[in-house]
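Letters go in sequence order (proteins before strands), and every chain restarts at 1.
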Number of protein chains: 2
Amino acid sequence: MRYTIGEVAKKFNLNISTLRYYDKEGLIPNLEKNESGNRIFDEEAISGLITIECLKKSGMSIKDIKTFIDWCQEGNETLKDRLEMFLARREALQSQIKELESTLNYIDYKVEYYTKAVADGTEKIVKEQMSNPRLLKMQ
Amino acid sequence: MRYTIGEVAKKFNLNISTLRYYDKEGLIPNLEKNESGNRIFDEEAISGLITIECLKKSGMSIKDIKTFIDWCQEGNETLKDRLEMFLARREALQSQIKELESTLNYIDYKVEYYTKAVADGTEKIVKEQMSNPRLLKMQ
DNA sequence: CCTAAATCTAAAGTTAGGTCTATGTCTATG
DNA sequence: CATAGACATAGACCTAACTTTAGATTTAGG
């Protein structure tokens, strides 16, 4: 299948200018254009965008994604670099998830705290009762 | 305990100017100053900063954190707002974690892919073999 | 065929969240 | 008691990742 920029924008829930910006930054190599200059996204471009979205979600910068895309163009010589990059991304993601889980734990405590405060109609009581061990552990 | 801005910056691994910026933005209400104007962070300021860091990690903007801090100053009238905010934060965090886990799943696939590619010395073989079901599911 | 909607480029503008600079005062130590 | 290091303010600057604008061209449907 082949898509216009508008179709792709809708598909990925991205702004059209974001796609043009990615193209300008070199994230979509070999992007076809028709005779009058309109971009045509083929399966390869789409699958590239899926990877870009994934790397973005993993916290990578556009610049670093560009480096990866360049490696892909360079062929088998860069396979090891690419593997190492994904291994590093995996580590990064795993610790991000751990951090979010610990943040969630603190939020859970706050939910408990304010649930009680709302029930009491005042913060005073819960403030005295919950000099919380979990909170102390976090510091 | 009472701390100088430098000590707090070290404790939280924040830039000194970031703390001044937070102060300017109103995130640290009732911050004491000594006679010559130097900031003094007491237990309350520190515990506020812990909450700020937590809310930041949960993806909240400085502006929204400010709204919360203001609610805290306003007293018991805003308890319900605060509870609702933390409930919303919890939801947000839970879906962030889910999204990161799904991203991790895709990265895992890429690791597998490139591990095989590196072993083969070429991408060609793995590219043909792994027209991956997991990948297809993601799209 | 006509016109609204989609696309193009280049370049300027925006936003969040800091970070840095210049200039001056304060403080702690040998 | 000198002086290096910490702190202060105001305001300029920075970066990433878009987003908007202006002005021109193309495409698609009635």
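- Closest to the Asn15(A) side chain, of the nucleotides dT20(D), dT27(C), dC20(C), is dT20(D).
- For the pair Asp23(A) CG and dA17(D) C1', the computed distance is 16 Å after rounding to whole Å.
- Of all nucleotides present, only dC1(D) satisfies the Watson-Crick or G-U wobble test against dG30(C), with each distance under 3.5 Å.
- A donor atom on one side chain and an acceptor atom on the other are not found under 3.5 Å apart for Thr122(B) and Asp120(B).
- Distance from the side chain of Tyr21(A) is smallest to dT19(D) among dG18(C), dT19(D), dG17(C).
- To the nearest angstrom, P of dA17(D) lies 9 Å from CD of Glu25(A).
- Of the candidates dC7(D), dT7(C), dC8(C), dC8(C) carries the atom nearest the Lys33(A) side chain, counting heavy atoms from C-beta on.
- A residue-by-residue look at Lys24(B) and Glu7(B) shows that Glu7(B) has its nearest nucleotide of DNA chain D further toward the 5' end.
- The distance from atom NZ of Lys10(A) to atom C1' of dA5(C) is 11 Å, rounded to the nearest whole Å.
- Considering only the side chain of Glu35(A), dT27(D) comes nearest among dA8(D), dT27(D), dT9(C).
- Using a 4.0 Å heavy-atom distance criterion, Ser17(B) is classed as a base contact.
- Regarding contacts with the backbone of dT19(D), a side-chain N or O of Thr18(A) is found under 4.0 angstrom from either OP1 or OP2.
- Aromatic ring centres of Tyr113(B) and Phe86(A) lie farther apart than the 6.0 Å criterion allows.
- Judged purely by atom type and a 3.5 angstrom limit, Thr78(A) has no side-chain atom pairing as donor or acceptor with the backbone of Asp81(A).
- Between the CG atom of Leu19(B) and the C1' atom of dT19(C) there is a distance of 13 Å, given to the nearest Å.
- One atom, CD1 of Ile62(A), and another, P of dA17(D), lie 5 Å apart when rounded to the nearest Å.
- Each of Gly6(A) and Ser61(B) was matched to the nucleotide of DNA chain C holding its nearest heavy atom; the match closer to the 5' end belongs to Gly6(A).
- For Arg39(A), the listed nucleotide lying nearest its side chain is dT9(C); candidates were dC18(D), dT9(C), dT7(C).
- Taking only side-chain nitrogens and oxygens, Tyr22(B) never comes nearer than 4.0 Å to OP1 or OP2 of dG17(C).
- Base engagement by Arg20(A) is indicated by at least one non-hydrogen atom pair under 4.0 Å involving a base atom.
- With Glu91(A) contributing its side chain and Ala88(A) its backbone, the two residues share no donor-acceptor pair below 3.5 Å.
- Side-chain atoms of Gln96(B) come within 3.5 Å of backbone atoms of Ser58(B) as a donor-acceptor pair (strictly under, hydrogens ignored).
- Separating the CG atom of Leu27(A) from the P atom of dC18(D) is a distance of 10 Å, rounded to the nearest angstrom.
- With distances taken from any side-chain atom of Asn34(A) to the nucleotides dA17(D), dT27(D), dG18(C), the minimum falls on dT27(D).
- We find that CZ of Phe41(B) is positioned 11 Å from C1' of dC7(D), with the value rounded to whole Å.
- In this structure, Arg2(B) atom CZ and dA6(D) atom C1' are separated by 18 Å, rounded to whole Å.
- Among the nucleotides dG18(C), dA8(D), dC8(C), the one closest to any side-chain atom of Ile5(A) is dC8(C).
- When all heavy atoms of Lys110(B) and Thr51(A) are compared, the closest pair comes out as NZ-OG1, 3.5 Å.
- Checking dT7(C), dT27(D), dA8(D) against every side-chain atom of Ser36(A), the shortest atom distance belongs to dT27(D).
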